[in-house]
Amino acid sequence: MAIRVNGFSSGMDIDSIVKELMNAKRQPLVKLNQSKTLLEWQRDSYREINSKLVDFKMNKLSEWNKSAQMNTQQAVVTGNTAAVKADALASANGVGMTVTVNKLATRSSTESSGLVSTSTGKTATSSTLLSDIQHSGAVAIPSKITINSVDIALTSTDTISSLMGRINSSNAKVKATFDEVSGKFNITSTEDGANTYLKEANLDSSLKSLINLTTYSDAQNAEVTVKSAKQGSSETAVTYTPSTNSLMVNGVSLTFLAVSGTGGASNISTVPSSDKTVDTIKSFIDTYNSLISTMSTKVGEEKYRNFPPLTDEQKAEMKEADITNWENKAKSGLLKNDSILQTVISDLRSVISKNLAVSVTWGLLPASIMKAGKSI
């Protein structure tokens, strides 16, 4: 049992006196903890600014610096718009073309007949052991299988799921899937074109027997006829057979989506367009201004010296809203007049202004483009 002695005969509150004395003794520690908290808040503010600068450099500037983002050329597809997609590069020469897709590039594949578990007589699932797969004869689980000259190790406890995982994580350049509805196993090349055949000869007999591989589909290259016609010259046609469903012609990136068929040819033309360039510059200026504004706010933020970080005891006696308001002021001005940020702001403004001025002077950008975003 605690014994309280309040004031003896003099009426003094000894507990209060002792508490005040203890508080006074703790003040050096309180101030040290407050200083620590302020340093942690300041560190977090630096980290916030640093993250924005890194993002600006690594994600924004690197993307805007690509020629595609400043491309003033635009490819237009007319006619059969379902067969071909076109994107003009800055190097596009403006020559019109008609494109007819005769064949799409495909991938080779192989498929099994239905897999049935011998223990239940039902269609196998991904968790079925390889040793439980029904075969016409006895089939031992091999220690390895070979696909496209790549050896893949197996164990006696492997399931259909783990077999797929081993195949897909190998360097065989194929993807394995298993359909639990049909019970069929499929292996497909991960690359288009005739040179990437997953031929029957590239699969060893152990694998074919193990999962009942019976059907094979060969791959093929794409086949595309491109006609171009310069004004005053005869039309010329060239047939291309790329191994993928894409092709670069006359500075235009063509992506083949479907065989032209009865839809006819796709007409490709290149027209000048500054929309993408303007959008890129606007995005750059807006992001740059936002970054400068954030740093300038930190540098010029008012500092409230009479609002130190709160102790736990002080928070316990305050309402949540009052704590939030207090800490907002306590965190304000942590980077006020910070020399590092002031130097960064100055250097950024100098570099950006200099480079934009040079671009306008040399005609790389029209002067009116500067009105696309906020003033820097």
Worksheet item: Can E327 and K315 be said to form a salt bridge (charged side-chain N to carboxylate O under 4.0 Å, His left out), step by step?
Response: CA-CA 11 Å; E327 290 197 338; K315 289 180 181 180; 3.3 Å; yes
Worksheet entry | Residue pair V299, I345: steps toward the side chain to side chain contact (heavy atoms under 4.5 Å, CB included) verdict | CA-CA 10 Å; V299 170; I345 294 170; 4.1 Å; yes
Discussion item. Please determine whether side chain to side chain contact (heavy atoms under 4.5 Å, CB included) holds for the pair I145 and L154, giving the CA-CA distance in whole Å, both sets of side-chain angles, and the decisive distance to 0.1 Å.
Written reply: CA-CA 7 Å; I145 56 175; L154 291 183; 3.7 Å; yes
Item to complete: Let me see the working for V77 and N267 under side chain to side chain contact (heavy atoms under 4.5 Å, CB included), right down to the final yes or no.
Response: CA-CA 6 Å; V77 181; N267 304 311; over 6 Å; no
Discussion item. Could you go through T188 and N186, starting from their C-alpha distance and side-chain angles, then the distance that decides it, and tell me whether this counts as side-chain hydrogen bond (donor to acceptor under 3.5 Å, both in side chains)?
Written reply: CA-CA 7 Å; T188 302; N186 179 278; 2.6 Å; yes
Item to complete: Give the C-alpha distance, both sets of side-chain angles, the deciding distance and a yes or no for side chain to side chain contact (heavy atoms under 4.5 Å, CB included) between T294 and T297.
Response: CA-CA 5 Å; T294 298; T297 298; 5.9 Å; no
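Distance check: T123 OG1 to K184 NZ gives 11.0 Å after rounding to the nearest 0.5 Å. From T239, atom OG1 reaches atom NZ of K227 across 9.5 Å, with rounding to the nearest 0.5 Å. Between the OG1 atom in T270 and the CG atom in D87 there is a gap of 10.5 Å [rounded to 0.5 Å]. Residue N221 holds its CG atom at 8.5 Å from OG1 of T106, rounded to the nearest 0.5 Å. With rounding to the nearest 0.5 Å, the separation of CG in L130 from CD1 in I141 is 5.0 Å. Atom CG of N328 is separated from atom CG of N325 by 6.5 Å, given to the nearest 0.5 angstrom.
Hydrophobic clustering (ILVMFWY, side-chain heavy atoms < 4.5 Å, transitive): L38 and I49 are in distinct clusters. Grouping the Ile, Leu, Val, Met, Phe, Trp and Tyr side chains by contacts below 4.5 angstrom, directly or via other members, places Y46 apart from L334. F56 and I340 fall within a single hydrophobic cluster, where Ile, Leu, Val, Met, Phe, Trp and Tyr are joined by side-chain heavy atoms under 4.5 Å apart, directly or via other members. In the hydrophobic clustering of this structure, L257 does not group with L247; members are Ile, Leu, Val, Met, Phe, Trp, Tyr whose side-chain heavy atoms approach within less than 4.5 Å, directly or through other members. L335 and Y304 end up in different hydrophobic clusters when Ile, Leu, Val, Met, Phe, Trp and Tyr side chains are linked at under 4.5 Å.
Panel note: side chain N148, backbone V150; no donor-acceptor pair is recorded below 3.5 Å. Side-chain atoms of E223 do not come within 3.5 Å of backbone N or O of K103 as any donor-acceptor pair. Using a distance-only test at 3.5 Å, with no hydrogens or angles considered, no donor-acceptor pair links the side chain of N168 to the main chain of G165. Although no hydrogens or angles enter the test, the distance criterion places a donor-acceptor pair under 3.5 Å between the side chain of T287 and the main chain of S283. Within the 3.5 Å criterion, the main-chain N or O of L104 finds a donor-acceptor partner in the side chain of Q220. A distance-only check finds a donor-acceptor pair linking the side chain of N80 to the backbone of S260 [under 3.5 Å]. A distance-only check finds no donor-acceptor pair linking the side chain of S246 to the backbone of T255 [under 3.5 Å]. Judged by distance alone, with hydrogens and angles left aside, the side-chain atoms of E317 form no donor-acceptor pair with the main-chain N or O of Q314 at under 3.5 Å. Of the possible polar contacts, one joining the S170 side chain to the I167 backbone as a donor-acceptor pair under 3.5 Å is found.
Partners of K208 according to the salt bridge (Lys or Arg N to Asp or Glu O under 4.0 Å) rule, which considers only residues two or more places apart in sequence or in another chain, are E200. Residues passing the side-chain contact (heavy atoms from CB on, under 4.5 Å) test with S346, sequence neighbours excluded: none.
Under the 4.5 Å side-chain criterion, counting only non-hydrogen atoms from C-beta, Y216 is not in contact with S108. Here the side chains of R349 and I292 are in contact, with some heavy-atom distance below 4.5 Å. Within the 4.5 Å cutoff, the side chain of T159 has heavy atoms near those of the S162 side chain. Considering only heavy atoms from C-beta on, F178 stays 4.5 Å or farther from S112 through its side chain. In this structure, T225 and V238 have side chains that are not in contact, with every pair of non-hydrogen atoms separated by 4.5 Å or more. Residues V99 and V224 are in side-chain contact: their nearest non-hydrogen atoms beyond the backbone lie under 4.5 Å apart. You'll find the side chain of M248 stays beyond 4.5 Å of the side chain of L254, heavy atoms only. Residues V84 and V101 form a side-chain contact, since some pair of their non-hydrogen atoms from C-beta on lies under 4.5 Å apart.
No hydrogens or angles considered: nothing links the side chains of S293 and N289 as a donor-acceptor pair under 3.5 Å. A donor and an acceptor atom, one from each side chain of D151 and T146, are located under 3.5 Å apart.
Other residues, nucleotides and ligands place more than 12 heavy atoms under 6.0 Å from the CG atom of D347.
A salt bridge does not link E40 to R47: none of the charged nitrogens lies less than 4.0 Å from a carboxylate oxygen. Taking 4.0 Å as the cut-off between side-chain N and carboxylate O, E48 and K298 count as a salt-bridged pair.
Of all heavy-atom pairs between W326 and P308, the closest is NE1-O, 2.7 Å. Taking each heavy atom of S243 and A105 in turn, the nearest pair found is O-CB, 3.4 Å. Counting all heavy atoms, side chain and backbone alike, F185 lies closest to I187 at CE2-CG1, 3.9 Å. Summarising the geometry of L129 relative to T157, their closest heavy-atom pair is CD2-O, 3.5 Å, with the distance given to 0.1 Å. Minimum interatomic distance between S131 and S156 (heavy atoms only, all atoms of both residues): OG-O, 4.5 Å. Shortest non-hydrogen contact noted between A92 and V252 is CB-CG2, 4.3 Å.
The stretch residues 167-180 participates, sequence neighbours left out, in these salt bridge (charged side-chain N to carboxylate O under 4.0 Å, His left out) pairs: K173-E191.
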